[in-house]
Amino acid sequence: MDYIEENLDEIDPMKMKALENKAEKSGISKLLLMENAGAKLAVEIIKKFKDIKNKNIIIVCGSGNNGGDGMVCARHLCNFSKSISLFLLTSGELIKTKENKTNWQIIKQIKSISIYEYIDDEKFFNKFREVSESADIIIDSIFGTGLKGSIKNPASQIIEIINKSNSFKVAVDIPSGIDPNNGNIQDKCVKANMTVTFHKSKPGIKNKINITGEVIVVQIGIPPELENQL
Ligand SMILES: NC(=O)c1ccc[n+]([C@@H]2O[C@H](COP(=O)([O-])OP(=O)(O)OC[C@H]3O[C@@H](n4cnc5c(N)ncnc54)[C@H](OP(=O)(O)O)[C@@H]3O)[C@@H](O)[C@H]2O)c1
């Protein structure tokens, strides 16, 4: 078995970042970790929905590595579902990380995925409202452990639309808006039905089932000895 369900061992976000850096130094690149994370996330979604090919799926991506995990997931899911829409909550030029930029360049070439890039407020929000009305699954890869301060637009408004939707919501690593260290919600937060978190759970999502839904921990290929060396 290459994944563990309900493994509630925790790692705090600072230690997780240090571990990712350690993994990179040992030759496991952050791009490879992102690929593993997005692919494992797709597997969990496919396992959850037996009729995945008939599902309308939205992936909402932020500008950091959490967004990159969502893009990888979208690429893996496009072999299983014909209806995938990806909303990027920034313009492609403003994507923050190298790994997310790489995945954006790849995903832009996939014609079977409908891609919407944030440029203009009203058009973007209207499109998101329209597509989310018929969505069966919304994947929240807006913010993971890198959220700082109160949530700015467009993410703020998009989170409100996601929470009003009747779709099944999947949070990537943690629900966007929750503090990964202590579980505090500064202003708003995605309310998920399922949270797929990477390597180990995070302290801020412990006992928060109303916000996280079911928590599933997936392994992304970081060997335990690297953690013992931190
Ligand atoms: N590559 C890896 O090694 C690896 C492995 C496993 C998982 N991950 C994933 O990477 C995630 C962490 O990625 P990350 O550190 O890049 O952080 P992130 O969670 O993706 O969030 C950072 C992004 O959010 C934006 N942001 C932060 N606060 C905001 C606010 N209040 N309002 C609007 N935008 C805001 C930042 O933009 P500004 O800078 O402009 O504020 C930045 O682009 C994890 O949660 C996990 O999902 C990565």
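Counting from 1, the numbers follow the sequence of the chain as shown. Note that ligands are numbered from 1 as they come in the structure, with each ligand's atoms numbered from 1 the same way.
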### Message
Under 4.0 Å, heavy-atom basis, I'd like to know which part of Asn65 is in contact with ligand 1: side chain, backbone, both or neither.
### Response
both
### Message
What protein heavy atom lies closest to atom 12 (C) of ligand 1? Include the residue and the distance to one decimal.
### Response
Thr145 OG1, 3.4 Å
### Query
Just distances here: any N/O of Thr97 and N/O of ligand 1 closer than 3.5 Å?
no
### Summary
protein heavy-atom neighbour closest to atom 11 (C) of ligand 1 works out as Asn66 N, 3.7 Å
### Query
Which atoms of ligand 1 have any heavy atom of Gly144 under 4.0 Å away?
18 (P), 19 (O), 45 (O)
### Task
Return yes or no for this condition: an N or O of Gly67 is under 3.5 Å from an N or O of ligand 1.
no
## Note on the structure
The atoms of ligand 1 lying under 4.0 Å from a heavy atom of Leu147, numbered in the order shown, are 27 (C), 28 (N), 29 (C), 30 (C), 31 (N)
### Summary
Of Glu35, Met16, Lys96, the one whose closest heavy atom lies nearest atom 39 (O) of ligand 1 is Lys96
### Query
Does any non-hydrogen side-chain atom of Phe143 lie less than 4.5 Å from one of Ile174?
no
### Task
Would you mind checking if Asp173 and Lys202 are paired as a salt bridge, meaning a charged N to carboxylate O distance below 4.0 Å?
yes
#### Entry: Identity and separation of the nearest protein heavy atom to atom 44 (C) of ligand 1
Asp173 OD2, 3.2 Å
#### Entry: Glu35/Arg75 salt bridge by N-O under 4.0 Å criterion
yes
### Message
If we set the cut-off at 4.0 Å for heavy atoms, which region of Ser150 has an atom near ligand 1: side chain, backbone, both, or neither?
### Response
backbone
### Task
Looking only at protein heavy atoms, identify the closest one to atom 1 (N) of ligand 1 and say how far it is in Å.
Lys30 O, 3.4 Å
### Query
Ala37: heavy atom below 4.0 Å from ligand 1, yes or no?
no
### Task
Indicate whether the side chain of Lys188 and that of Ser156 have a donor and an acceptor atom separated by less than 3.5 Å.
yes
### Query
Does the N or O separation between Met34 and ligand 1 drop below 3.5 Å for any pair?
no
### Task
Could you tell me whether Asp69 approaches ligand 1 through its side chain, its backbone, both or neither, with non-hydrogen atoms closer than 4.0 Å?
side chain
### Query
For atom 36 (C) of ligand 1, which protein heavy atom lies nearest, and how many Å away is it?
Ser63 OG, 4.1 Å
### Query
Between Glu227 and His199, is any side-chain donor less than 3.5 angstrom from a side-chain acceptor?
yes
### Query
Between Asp69 and Ser141, does any side-chain donor sit less than 3.5 Å from a side-chain acceptor?
no
### Message
Looking only at protein heavy atoms, which one is nearest to atom 33 (C) of ligand 1, and what is the separation?
### Response
Phe143 CZ, 3.6 Å
### Query
Is Lys17 salt-bridged to Glu20, cutoff N-O under 4.0 Å?
no
## Note on the structure
Checking Asn36, Val196, Ile46 against Leu41 for side-chain contact (heavy atoms from CB on, under 4.5 Å), the one that qualifies is Val196
### Task
Considering only NZ, NE, NH1 and NH2 on the basic side and carboxylate oxygens on the acidic side, decide whether Lys101 and Glu93 come within less than 4.0 Å.
no
### Query
Any side-chain heavy-atom pair from Ile216 and Thr197 closer than 4.5 angstrom?
no
### Message
For atom 2 (C) of ligand 1, tell me which residue out of Lys152, Lys202, His199, Glu20 has the closest non-hydrogen atom.
### Response
Glu20
### Message
Show the atoms of ligand 1 that are less than 4.0 angstrom away from any heavy atom in Ile220.
### Response
5 (C), 6 (C)
### Message
Does the plane of the ring in Phe124 sit parallel, tilted or perpendicular to the ring in Phe87? Use 30° and 60° as the thresholds.
### Response
perpendicular
### Query
Counting distance only, does the side-chain N/O of Ser165 pair as donor-acceptor with the main-chain N or O of Ser167 below 3.5 Å?
yes
### Query
Heavy atom of Glu99 under 4.0 Å from ligand 1?
no
### Query
Considering only protein heavy atoms, which is closest to atom 31 (N) of ligand 1, and at what distance to one decimal place?
Lys148 O, 2.7 Å
### Task
From atom 22 (C) of ligand 1, work out which of Gly149, Gly146, Ser176 has a heavy atom at the shortest distance.
Gly146
### Query
Of all the heavy atoms in Lys17, does at least one lie under 4.0 Å from an atom in ligand 1?
yes
### Query
Under 3.5 Å, is there a donor-acceptor pair between the side chain of Lys40 and the main chain of Gln219?
yes
### Task
Please state which part of Leu33 comes within less than 4.0 Å of ligand 1, counting heavy atoms only: side chain, backbone, both or neither.
side chain
### Task
For Asn65 and Gly68, indicate whether the former's side chain and the latter's backbone hold a donor-acceptor pair under 3.5 Å.
no
### Task
Answer side chain, backbone, both or neither: which part of Asn100 comes under 4.0 Å from ligand 1, heavy atoms only.
neither
